[in-house]
Amino acid sequence: MTTSVIYLDNNATTQCAPEVVDAMCPFFAGNFGNASSPHFLGREAARAVAVARERIADSVGCDASDVLFTSGATESNNLVIFSAAQMSTGRRKIVTSAIEHKSVLGPCEALETKGFDVVRLPVQKDGQLDLGTVQRAVDSETVLVSIQGANNEIGVLQPVKAVADIAHAAGAAFHCDAAQLLGKIPVSIDNLGADFVSFSSHKAYGPKGLGFLVIHNHVRDVVVSPLMFGGGQENGFRPGTLNVPGIVGTGVACHLLTERIETEMLEIDRLRGQLEDGIRTIASDARIVGSESPRLPGTLSVMFPGVPAELLIARTPTVCMSMGSACTSGTVSPSHVLLALGMTRDDARCVIRLSLGRYNTDDDVQGALRAISATLRDISTGEMPVRE
Ligand code: PMP
C-alpha cells in the first residue's frame, strides 16, 4: 500500500495479516496438492485443511465438523436462505430485517417470487431491532429468521441471542450473518444461539474469496441443501476443489484473533473515540449515525449536512473511506440501510463510513482528521484543489 494513504475502510475489507500471507504461500507452489488426492501432496493438503478447520472452530466455539467452507459470506447467506425453501417443515415465511446485507435481501427477494412470504422488519431510528416487533412477526408459519450480527454501514449490533430465542420458541430456524463480527469482536456460536452463522475471511485479516458457514442445528427438520452438485467435498453440501491456501490463511487469521481480539478491540475503540471527537471538533454540525446503539468498536458513520459523500471522498484522495450509498450503473443511490433509519435521500447522500482496524494508528486518525477538515474547508469556501 502507498505509505501516504490512510486506510479507513476495514468494514469493506481488511489487509491480509502478514502471518496469513506467510502461511498461505507454500500452498500455492511447493504444497500445491488437491486435498482430495490420495497421494502424499494431497494428504499434506488435507492435513492442513483439517488443522485450519480446528483453528476456526476453536476461535468461534463450535466443533470442527460444524464448519463448512464457502467462497464468502455471500455464498453462506445464499446457501442458508435457499435451503429454507427446501426444508420439509411446510412453513413458507421468512423473517429478516430491512437493513440486512444484499446477500441476504437478494435471495429472500428471489424466494418471494416463488411464493414465500418475506417479512422485512423495520429498525428503530438508531438501527436496532425492537424485540416486540420481532416477536409479533415470528409465528408458526415461519421457517427461518435471518438477522445480521452487526451492520456493515453503521456498525450497529443486533440483540441476536434474544432473536434466536424468539425464533426457536416458534419452531423456526435462526440464521445470523456474522460477516462483520469476526475480526472485530469476540464471537461465540453459543452466545449467538444460531443454527446457521455466516462468516467471511477477508473481513478478519484473512484472504478474499473464502468464507465459512457454521451449522449448529437447534431445530429439527432444518438442514442445508446444496446450491451446487459435483464431487463430494464438504460432505456434498458444497462440492468443488477446496481452496487450500485460502482455508489455511483463514485458519491462521482465526488463530491470531483467538490470541488478540480482546486487546485489539479496546485499542480500536480508543482510536474510534479519538476520530469521533475529532470529527465533532472539525464539524460541529456533523451527525454520528447509530451512536445511540451498541456498535462495533471501529465503525464510524458520519453525516456532514450538505456535503455529498461522493464529493468529500473524491476531494480527500489520501484517505480510503466509503460512502453510505451504492453506485450502481453509474448512478449513486442512497443506501437502503440509511433510508430504513428514516433518513431523507438527501441526508443519506451525505454520509461517509470510516472503519478502523488492526493496523491503524494514532497518526492515521490525526492524518485523516487533517485531510477531512481541509476538504470540508475547501468545499465550504468554494475552493476546489485536488490533493494527491
Ligand atoms: N454480509 C455482510 C454484513 C457484509 O458486510 C458482507 C461484505 N460486505 C457480506 C455479507 C458479504 O461478504 P463476502 O464479501 O464474503 O461475500
Side-chain angles (χ1 to χ4, degrees), residues 7-16 20 56 60 67-82 96-109 120-121 123 127-129 145-158 160 163 174-185 187 192 194 196-214 227-228 238 240 243 246-247 249-250 253-254 289-290 293 295-301 320-328 335-338 340-341 353-357:
Y7 187 76
L8 297 185
D9 201 14
N10 285 276
N11 287 14
T13 197
T14 50
Q15 179 189 331
C16 233
V20 168
I56 292 165
V60 298
V67 175
L68 181 76
F69 289 115
T70 65
S71 62
T74 296
E75 185 186 337
S76 300
N77 290 343
N78 273 262
L79 188 53
V80 173
I81 291 160
F82 283 118
T96 186
S97 87
I99 63 166
E100 296 300 309
H101 191 262
K102 295 277 172 142
S103 57
V104 165
L105 294 175
C108 285
E109 210 174 303
R120 297 163 187 84
L121 298 172
V123 290
Q128 269 211 319
L129 279 168
V145 178
S146 177
I147 297 296
Q148 61 191 192
N151 187 268
N152 43 309
E153 291 184 33
I154 56 175
V156 167
L157 297 161
Q158 296 299 345
V160 169
V163 177
F174 178 64
H175 165 238
C176 177
D177 173 2
Q180 290 292 343
L181 297 185
L182 191 70
K184 300 192 170 70
I185 59 172
V187 175
L192 295 175
F196 306 106
V197 190
S198 300
F199 293 101
S200 180
S201 185
H202 74 98
K203 312 277 189 193
Y205 312 98
K208 293 170 184 57
L210 203 291
F212 57 101
L213 176 68
V214 171
L227 289 174
M228 296 181 290
R238 206 282 186 167
N243 173 353
I247 290 170
T250 304
C254 285
V289 184
S293 291
R295 279 178 297 166
L296 289 172
T299 307
L300 190 59
S301 173
C320 296
M321 51 191 161
S322 274
M323 51 184 162
S325 320
C327 188
T328 320
S335 122
H336 67 286
V337 174
L338 299 174
L341 300 184
R353 178 190 70 189
L354 303 161
S355 48
L356 296 144

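When a ligand or atom number is given, it counts from 1 through the structure's own listing order.
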Side chain to side chain donor-acceptor pair (under 3.5 Å) with [X]: which residues, sequence neighbours excluded?
X      : answer
Ser198 : Asn77, His175
Arg353 : Asp9, Ser322
Ser301 : none

Stepwise side chain to side chain donor-acceptor pair (under 3.5 Å) test for Glu153 and Ser335: CA-CA 9 Å; Glu153 291 184 33; Ser335 122; 2.6 Å; yes
Sub-4.5 Å side-chain heavy-atom contact between Ile154 and Leu341: yes
Minimum side-chain heavy-atom gap Thr13-Lys208 below 4.5 Å: yes
Residue contacts for ligand 1, heavy atom to ligand atom, distance under 4.0 Å: Gly72, Ala73, Thr74, Asn77, His101, Ser103, Asn152, Asp177, Ala179, Gln180, Ser200, His202, Lys203
